[in-house]
**Q** 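Before anything else, here's the structure in question.
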Amino acid sequence: MQTGLKTELKENLRGPVVVPSITAGLVAGVLTVTFMFSYSAVIFTGELSGFVPRATGQLLFGGVVIALVIGLFSELRGVVALPQDNPTAIIAVMIATLSQLPGSALSPEMLFAQAVVIMVVSTALSGVIFYLVGRWRLAAFVQLIPYPVIAGFLAATGWLLFKGSFSVMADQTFDFTQLSALGEVMHLWLPGAVFALITLFVSLKYSNVFIMPGLILSAVALFHITLFLSGASSQEAIAEGWLLQPFGEGALWKPVPLSTFLAADWTLFVTEFTGLATILSIALISVLLNLTALESAFNRDIDVHREMRLAGIANLLAAPGGSLVGYHYVSLSTLGRRMRGDSRLVGVVVAVFCLLTMTVGAGALSVFPKFVLGGLVMFIGLGFLYDWVVKSWSNLGRGDVAIIFTILFVVEFIGFLEGVATGVAAAVVLFVVSYSKLNVVRLAMDGSDFSSNVDRPDDHRKALSSEGQKILYLKLHGFIFFASSIKLYEEVVGALTREAGPPEFVILDFQLVSGLDTSAVHGLVKIKKKALEVGTQLALAHVPAEIDQQLHEEEFLDGDAVIEPIFKDADSALEWCEDFLLRTAGVDPSPKALPIDDRLIEVFKAKAVVQKFRSYLETTEFSQGDVVSQPGIKQRLLHFIEQGTVSIYLDELDGEKHRIRGAGPGSMVGVASFFRQGNVGTLAVGIADSKGTAHVLTDVAFERMKSEDPDLALKFQTYALEYVSERLASNLRTLSLILRLEE
């Protein structure tokens, strides 16, 4: 890998990408130094502003390490990785909170030490978390966080950055209860707000990579020209709050001494736990979001888990130097690609630029006016708010937008982590409310609309046609939980208490049900009790093993209201209910032998014709489990069932046999495949349910019939067409009803 990296870098130095890569790296380096300085100014304000140079050096140290490690070893060539702005507002709030604790007497040095320890610990812990998430491939679990919650806390991050910018520009905290105080120093922050708005507008309208550096340099130049023309000195500008205090001579970065860790009050970490947890949460989700964005920007798939491990290693190396959490920087990573210089040189140049600045170039940073630095912070915050509030208003539903504003409200008046937790809770409530509106009953039909797949005699069909409304079939779907189970209960109870009288049977088909929660099981128990009151029996079909266990644990199947055992499929349940209704009507549903001659006389009307037709048939007997009909063999066969029953299955559909028809005495089996031409394939298979007798017409015998007695063959074909058409019409009626119900 090292040899390949060296070869790649050598090729980049000699190739056409060297100039645009170095240019992109220099532009990104200038912006990096500016950003690191701005982040430091957000954290250390007021009496802590004198520590901004040292903090900037720590962030630049992190920039060197993180940019170099990820820039060299990432799958994305030209990627820029840096310490991020997300933790700055949180740490600033944490430090301000510590300074205002009752009885707190922390000196500026102690507060700085506390801030450094927070930065080191949060960066190190983030590195560990990043690495473990990548090592254990857990990124998918983090991505399960609802999108409105992610948008909400990113918007809240932008809001905190927006508020923090006023501390940078005017040493004044943004507080709704003290807006008059901000008004008194408007001259200090108003130019920065104008600069931020102009930068935001231009960045949204134009994509040229030189625009932002040009705006920054122009603002700095304009300030110093105005200062020169006014005749004011730099010292006067510093005294009036326009410029930062001089940094002094020497390098910005110094190793974090052991005394800093000893000066920190580690007992205060109990108070700081909430803020620390917030930093870690934001960092983890933000790095995953950034990686997803970079996949789109670079138009390629990347190994997210590998990038997470790499980010973890980079942060562990940067933590001892006092850096903030760092990872892939989306906006700067696209510089090289836009300038056609997407090579690893971009990250290397950024790292070298940060190294030179923190070691020999510290004095140049004091030329930046505070309103430019604060304006950049405000620009970043407004960018977050635009992306996650303004755009969300038109792209998301009102419920999702409400979650975003709820998070913003809670963050502002309670706390950041509380805001995120509230957002998650609100998203769950919104999901429950939305999902509960979905009816878990996908299909609701009664027995007069459809029937089982059993071929029944005409007198049976007529009896069931008048009694069909006594069977209610409900096909359930989805995950049934406490909210949706209420609608199921209301629908079933509504059918049980209808004016026309309750159905005798309610079939509950669980084929499309993914699961039940405890409340849903108790809802079914309530349905059972109501069914018992009105004399209705429940038939359950397609019940998964997990749901079956839940029902047994609640003793749902015990008692008179539920038919046992649970049916394998809905057709079996419907057949059982139909048989019960037939017996109640005084009709024996058991199949009786129907002599072939009695059946054929209904077709041909004359005994002589029947005998002639019989001469073409062969008699066969079958036992339970025998394969009676199996299309796909070379010889086509048509069976006339005289005694016994045969079930027709779709052969191995989805790995199982699904019964699509039950054929008894008087039925024909294999009509469709018999009249098809060519190799029909294995459409279905007929398996005997009991011992019986059948008469078989072979394709050879039928060809002989057509040659010897065409009129007889025509009469039989006409009858076969009527037989198939009747079954098809029944299936089409059921299909039409299902399609109407699912519209």
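From a predicted model like this one, the values you see are computed outputs, not experimental measurements. We number each residue from 1, following the sequence as shown.
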**Q** Answer yes or no: is there a side-chain heavy-atom contact under 4.5 Å between Arg309 and Val133?
**A** no

**Q** Any non-hydrogen side-chain atom of Leu476 less than 4.5 Å from a side-chain atom of Leu512?
**A** no

**Q** Any donor-acceptor pair under 3.5 Å linking the side chain of Trp159 with the backbone of Leu408?
**A** no

**Q** Do Ser343 and Ser21 have a side chain donor and acceptor closer than 3.5 Å?
**A** yes

**Q** Closer than 3.5 angstrom, by distance alone: can the side chain of Ser323 be matched with the main-chain N or O of Ala318 as a donor-acceptor pair?
**A** no

**Q** Is there a donor in the side chain of Ser74 and an acceptor in the side chain of Glu307, or the other way round, less than 3.5 Å apart?
**A** yes

**Q** Between Asp517 (side chain) and Phe482 (backbone), is there a donor-acceptor pair under 3.5 Å?
**A** yes

**Q** Atom CH2 of Trp242 and atom OG1 of Thr226: how far apart are they, to the nearest 0.5 Å?
**A** 9.5 Å

**Q** Is any side-chain heavy atom of Phe130 closer than 4.5 Å to one of Asn315?
**A** yes

**Q** Does a donor on one side chain sit under 3.5 Å from an acceptor on the other, for Asp175 and Thr177?
**A** yes

**Q** Return the CD to OH distance between Gln58 and Tyr39, rounded to the nearest 0.5 Å.
**A** 16.0 Å

**Q** Under 3.5 Å, is there a donor on one side chain and an acceptor on the other for Ser40 and Thr56?
**A** yes

**Q** Phe195 vs Phe371 aromatic rings, parallel, tilted or perpendicular, using cut-offs 30° and 60°?
**A** perpendicular

**Q** What pair of heavy atoms forms the shortest contact from Phe174 to Lys163, and how long is it?
**A** O-CE, 3.6 Å

**Q** Which pair of heavy atoms, one from Gly326 and one from Ile66, lies closest together, and at what distance?
**A** CA-CD1, 3.6 Å

**Q** Around atom CZ of Phe479, are there more than 12 heavy atoms of other residues, nucleotides or ligands at under 6.0 Å?
**A** yes

**Q** Less than 4.5 Å apart, any side-chain heavy atom of Ile404 and any of Trp388?
**A** no

**Q** Angle between ring planes, Phe176 versus Phe413, binned at 30° and 60°: parallel, tilted or perpendicular?
**A** parallel

**Q** Counting N and O atoms only, with roles assigned by atom type, does the side chain of His477 sit under 3.5 Å from a partner on the main chain of Asn439, one being a donor and the other an acceptor?
**A** yes

**Q** side-chain contact (heavy atoms from CB on, under 4.5 Å) for Asp85 and Phe35? Distances and angles first, verdict last.
**A** CA-CA 8 Å; Asp85 57 298; Phe35 289 155; over 6 Å; no

**Q** Does any part of the side chain of Leu291, heavy atoms only, come nearer than 4.5 Å to the side chain of His328, both counted from C-beta?
**A** yes

**Q** Does any non-hydrogen side-chain atom of Met378 lie less than 4.5 Å from one of Leu161?
**A** no

**Q** So, taking the atom named OG1 in Thr32 and the one named CG in Leu59, what distance separates them when rounded to the nearest 0.5 Å?
**A** 11.5 Å

**Q** Hey, are the side chains of Met36 and Pro83 touching, using non-hydrogen atoms and a 4.5 Å cut-off?
**A** yes

**Q** What are the two closest heavy atoms between Gly523 and Tyr489, and how far apart are they?
**A** O-CD1, 4.2 Å

**Q** Looking at every non-hydrogen atom in both residues, tell me the closest pair between Asp301 and Glu75 and how far apart they are.
**A** O-OE1, 4.2 Å

**Q** Does the side chain of Lys487 come within less than 4.5 Å of Val440's, by heavy atoms?
**A** no

**Q** Using side-chain contact (heavy atoms from CB on, under 4.5 Å), reason through Leu474 and Val492 one step at a time and then give a plain yes or no.
**A** CA-CA 9 Å; Leu474 301 177; Val492 176; 3.7 Å; yes

**Q** Looking only at heavy atoms, what is the nearest atom pair of Ser392 and Ala151, with distance?
**A** OG-CB, 4.5 Å

**Q** Could you pull out the closest heavy-atom pair between Ala427 and Ile403, with the gap in Å?
**A** CA-CD1, 3.5 Å

**Q** Using side chain to side chain contact (heavy atoms under 4.5 Å, CB included) as the criterion, point out the one residue from Val149, Leu430, Asn395 that pairs with Asp400.
**A** Leu430

